[in-house]
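A short write-up of the structure that comes next.
Each chain gets a letter, A, B and so on, in the order the sequences are listed, and its residues count up from 1.
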Amino acid sequence: MSDTHAQTVAYVRDTMLAESAPPLAEKGAVKWFRENLFSSPVNVLLTIVSLFVLFLVLRLVLPWLTNAVWDANSLSECREILAAKGLGSHDGACLAVIKDRWHQLMFGFYPSHLYWRPVLAFVLFLVAIMPVLFSWVPRQALYLTAAAPFLGYWLVWGGSIWGIVFVALAIVIGYAVFRALEGVNGILATVGAILVPIIYLLYAAGPLAGQVNDILPIGIEAVKSNQLGGFTLAIIIGLAGIVLSLPLGILLALGRQSDLFIIKTFSVIFIEVIRGVPLIVWLFTASLLLNYFLPPGTNFDLVLRVIIMVTLFSAAYIAEVVRGGLAALPTGQYEAADALGLDYPKSMRLIVLPQALKISIPGIVNTFIGLFKDTTLVVFIGLSDPIGFTNLIRANTDWNGIYWELFGFVGLVFFILCFSMGRYSLWLERQLQREHR
Amino acid sequence: MKHSVLLGAITVAGFTAGAAAADTLGDVQERGTLNCGVTTGLVGFAAPDANGEWEGFDVGVCRAVAAAVLGDASAVNFVTTTGQTRFTALASGEIDMLARNTTWTFSRDTDLAFEFVGINYYDGQGFMIPRELGVSSAKDLDGATVCIQTGTTTELNLADFFRTNNISYEPVPIETNAEAQQQYLAGACDVYTTDASGLAATRASFESPDEHMLLPEIISKEPLGPLVRHGDHEWGDIVRWTLNALIAAEELGVSSANIADLGAAAGENPEVNRLLGTEGELGSYMGLDADWAARAIAAGGNYGELFEKNIGENTPIGLARGLNAQWTDGGLLYSPPFR
């Protein structure tokens with residue numbers, strides 16, 4: 001190109017200039033700082049104030065962490081070690097309490113030789129949830145997902161394996177009844193698939209499990225509910241609530257949109273009543289009122305009661321979040337499903353829910369994070385969750401008077417868990433993005 | 001699934017309701033463990049150690065009862081209860097007894113239908129002040145700011161005390177003991193008031209406890225004791241006399257150190273013999289064997305030993321016996337005779 005006009009016009013440049021580096025102010029870190037931190041006088045001021053506040057905080061926290069004492073058996077010993085270094089008792093953290101009570105904060109009163117069981121159950125849960133979370137995992141792994149809740153329950157609580165086998169059998173029975181009656185009548189099949197397993201669970205499962213266990217006792221050491229504690233308890237309640245409340249919430253959301261009067265009324269009343277009362281009230285209901293209603297001598301597991309209440313509570317919220325997703329879907333999508341001749345379950349499963357749930361992801365994960373943090377409320381009904389354990393640890397004369405270290409640690413672990421959930425939801429949203437690209 | 005568990009539990013409950021009569025002793029023996037309600041952590045009274053073993057003054061009572069009934073001081077299932085859940089846990093049968101520094105009051109005994117079987121610690125509301133305040137009596141506290149837990153009887157007691165003495169104070173309302181500790185140390189209040197045992201424990205956790213002191217005035221009666229449900233007198237008797245056995249053992253000089261010798265054969269003191277079952281058959285009147293009391297005492301020592309080990313003057317809490325001394329030493333502990 002430069003040759004074409006080389007001799008025609010004198011003032012036209014005939015060679016390209018060599019590329020030169022961008023000006024110093026327009027590249028690299030300098031550019032980033034200029035654009036993000038010092039773009040305007042207000043921005044400059046804000047940056048300086050923020051840096052100053054950050055400096056004030058770090059000046060207090062960093063020495064406190066770097067001077068931390070890791071090896072001590074009591075708070076007074078911590079103080080002695082700090083004093084020997086010429087430091088005051090507030091100049092260094094006494095993280096020895098975390099080291100000393102690590103197992104209790106993590107596992108509560110779980111028998112120490114069985115710590116592997118909740119850990120294994122947790123790993124099992126992570127593996128089992130993979131096919132749900134990531135689409136590249138083979139679909140066959142979903143069978144493991146279906147078995148995981150039962151195996152997890154068995155690993156944590158122990159006891160005879162036949163109990164969970166016969167409870168799991170209820171699902172198979174329900175499915176069999178549904179398939180058998182499907183040809184006769186759709187509604188009859190649904191009702192049968194719900195009622196028959198319930199009757200089976202009430203009257204047959206217990207005695208059957210007992211008899212089979214007499215013939216062929218297979219089982220592991222049983223662990224009582226009040227031996228659960230610390231983060232094990234928080235994670236069990238949180239995960240069980242999350243796993244159970246999502247399907248229940250979706251059903252409630254669909255029920256609320258249903259044209260069937262009874263189903264619709266039930267869903268609305270359920271959602272509004274559960275959502276209209278604080279969780280702590282439901283927890284007190286679970287722990288106190290149920291005790292009055294149930295006959296004396298009944299031993300209905302407290303952790304189970306709490307899980308049920310937490311599940312119902314978060315299901316009501318999930319239902320409203322999903323309803324938002326359903327409402328956001330254009331009517332054309334519903335009509336398209338009808339036009340294709342799909343029946344209700346298929347149109348929901350194939351057309352409506354995939355889109356509605358995608359819209360609802362941020363709200364659903366938001367509810368899950370809230371639910372997980374709300375598990376700390378169980379401390380008020382006497383369960384030893386991590387917050388409860390900070391109390392129990394402080395009640396020991398060795399650690400009486402220690403606050404920041406314990407609460408800081410509990411907060412940090414909660415942050416890590418909730419932050420990962422939030423990151424996953426962002427990733428999932430990007431994965432499912434289908435428009436605007 | 002969720003509903004079915006609930007329904008299942010109700011159904012099972014329906015089947016067993018008829019059988020669940022008031023036979024706590026039989027239930028405990030069949031179960032092999034004692035369900036004992038304790039606090040969610042109170043220094044010196046109930047707390048788990050690093051291995052998860054519960055220890056403390058209230059825990060000692062639970063263990064003594066378990067030893068007497070089941071012959072094994074470790075056969076206790078400790079159920080943590082809060083101030084709100086403790087009474088329903090007991091009323092519903094979730095726990096067999098409650099040893100949770102609970103004040104014996106009229107309404108709890110009658111209206112809530114519980115049976116306080118005795119008193120294992122005579123507590124009372126006291127005051128803690130920084131030594132530099134230079135005050136030696138609560139009556140000199142005119143115009144002081146007082147940290148006080150809201151919604152408790154301590155709040156009412158405090159108002160009564162200042163009004164009867166015609167002096168003024170300024171309350172600083174706080175929610176929990178932990179908050180009180182921080183406020184008091186930060187100088188937000190001159191005085192912190194709560195039960196004297198709690199004050200001693202709080203003071204023990206300070207960096208320099210010597211800079212703080214408890215005032216001599218005790219302005220309320222807080223008799224703390226174990227309790228059981230109304231309606232099962234046999235079980236109530238067992239818990240009551242186990243506590244009495246611990247108290248009587250101290251009075252009679254029976255301790256965990258010499259119990260093996262004294263319990264082996266009848267000695268010179270007939271009451272010791274009756275207590276330890278080497279003479280007579282007191283245990284059989286309660287449905288227990290003869291050496292029930294010997295096991296209870298051997299579990300954690302007599303009352304005095306439990307006191308010294310958990311909250312006494314050699315522990316960081318450093319409580320003096322005071323009202324909790326034997327009647328022979330000027331205290332209020334007075335076990336009825338074993339006869």
Side-chain angles (χ1 to χ4, degrees), chain A residues 73 75-76 79 88-89 100-101 103-104 108-110 112 167 170-171 197-198 201-203 205-206 224 226-227 244 248 284 287-289 291-292 294-302 304-305 307-308 311-312 379-384 388-389 391-398 400-403, chain B residues 1-14 16-22 27 35 37 39-52 55-56 77-82 84-89 91-94 178 181-182 201-202 204-207 229 310 315-317:
Chain A
N73 290 316
L75 182 58
S76 46
R79 285 170 176 161
S89 68
D100 190 39
R101 297 302 180 99
H103 288 300
Q104 275 182 4
F109 296 112
Y110 213 85
S112 55
V167 170
I171 296 173
I198 289 180
L201 280 176
L202 288 184
Y203 297 105
K224 283 194 288 286
N226 66 358
Q227 289 175 286
L244 296 173
L248 192 60
F284 273 124
S287 86
L288 303 181
L289 276 180
N291 272 345
Y292 282 123
L294 295 173
T298 319
N299 200 2
F300 183 17
D301 197 286
L302 182 58
L304 214 55
R305 278 184 275 171
I307 289 178
I308 291 173
T311 304
L312 296 182
V379 70
F380 292 110
I381 54 170
L383 290 181
S384 312
F389 252 103
N391 246 335
L392 286 174
I393 291 170
R394 241 195 333 268
N396 195 291
T397 42
D398 286 346
N400 187 14
I402 198 158
Y403 297 93
Chain B
M1 166 78 193
K2 284 177 294 303
H3 288 294
S4 63
V5 171
L6 180 65
L7 291 171
I10 292 170
T11 319
V12 172
T16 54
D27 291 346
N35 290 335
T39 67
T40 51
L42 181 68
V43 183
F45 286 84
D49 68 3
N51 301 318
E55 50 190 30
N77 178 20
F78 290 100
V79 179
T80 50
T81 55
T82 68
Q84 279 85 31
T85 63
R86 55 182 166 180
F87 295 127
T88 35
S92 69
E94 199 178 329
Q181 218 161 325
Q182 301 291 327
T202 304
S205 76
F206 289 170
E207 207 181 339
R229 274 181 299 279
N310 295 301
T315 66
I317 304 165

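For B/F206, the part sitting under 4.5 Å from any heavy atom of chain A is the backbone (N, CA, C, O) and nothing else. For a residue to count as touching a neighbouring chain, one of its non-hydrogen atoms must lie under 4.5 Å from one of that chain's; by this rule B/F45 does not touch chain A. Only the side chain of B/P316 comes within less than 4.5 Å of a heavy atom in chain A; its backbone stays farther off. If you measure heavy-atom distances from B/E207 to chain A, the contacts under 4.5 Å come from both the backbone and the side chain. For chain B, the nearby parts of A/N391 are the backbone and the side chain; heavy atoms of each come within less than 4.5 Å. Using a 4.5 Å cut-off between heavy atoms, B/A50 contacts chain A through both its backbone and its side chain.
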Next on the checklist: Could you go through B/T85 and A/L288, starting from their C-alpha distance and side-chain angles, then the distance that decides it, and tell me whether this counts as side chain to side chain contact (heavy atoms under 4.5 Å, CB included)?
Outcome noted: CA-CA 7 Å; B/T85 63; A/L288 303 181; 3.8 Å; yes

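Smallest separation of non-hydrogen atoms from B/L42 and A/A395: N-CB, 3.3 Å. Pairing each heavy atom of B/S205 with each of A/N400, the nearest pair is CB-O, 3.2 Å. The shortest heavy-atom contact between A/R394 and B/V43 is O-CG2, 3.7 Å. The shortest heavy-atom contact between A/F109 and B/P48 is CE2-CB, 3.6 Å. Nearest heavy atom pair, residue A/N226 against residue B/V79, reads ND2-CG2, 3.8 Å.
Judged by distance alone, the side chain of A/Q104 and the main-chain N or O of B/D49 form a donor-acceptor pair under 3.5 Å.
Between the CD1 atom of A/I381 and the OG1 atom of B/T80 there is a distance of 9.5 Å, given to the nearest 0.5 Å. In this structure, B/T82 OG1 and A/F284 CZ are separated by 6.0 Å, a value rounded to the nearest 0.5 Å.
Contact of the B/I317 side chain with the A/T397 side chain is registered, since non-hydrogen atoms from C-beta on lie closer than 4.5 Å. Between A/H103 and B/N51 there is no side-chain heavy-atom pair separated by less than 4.5 Å.
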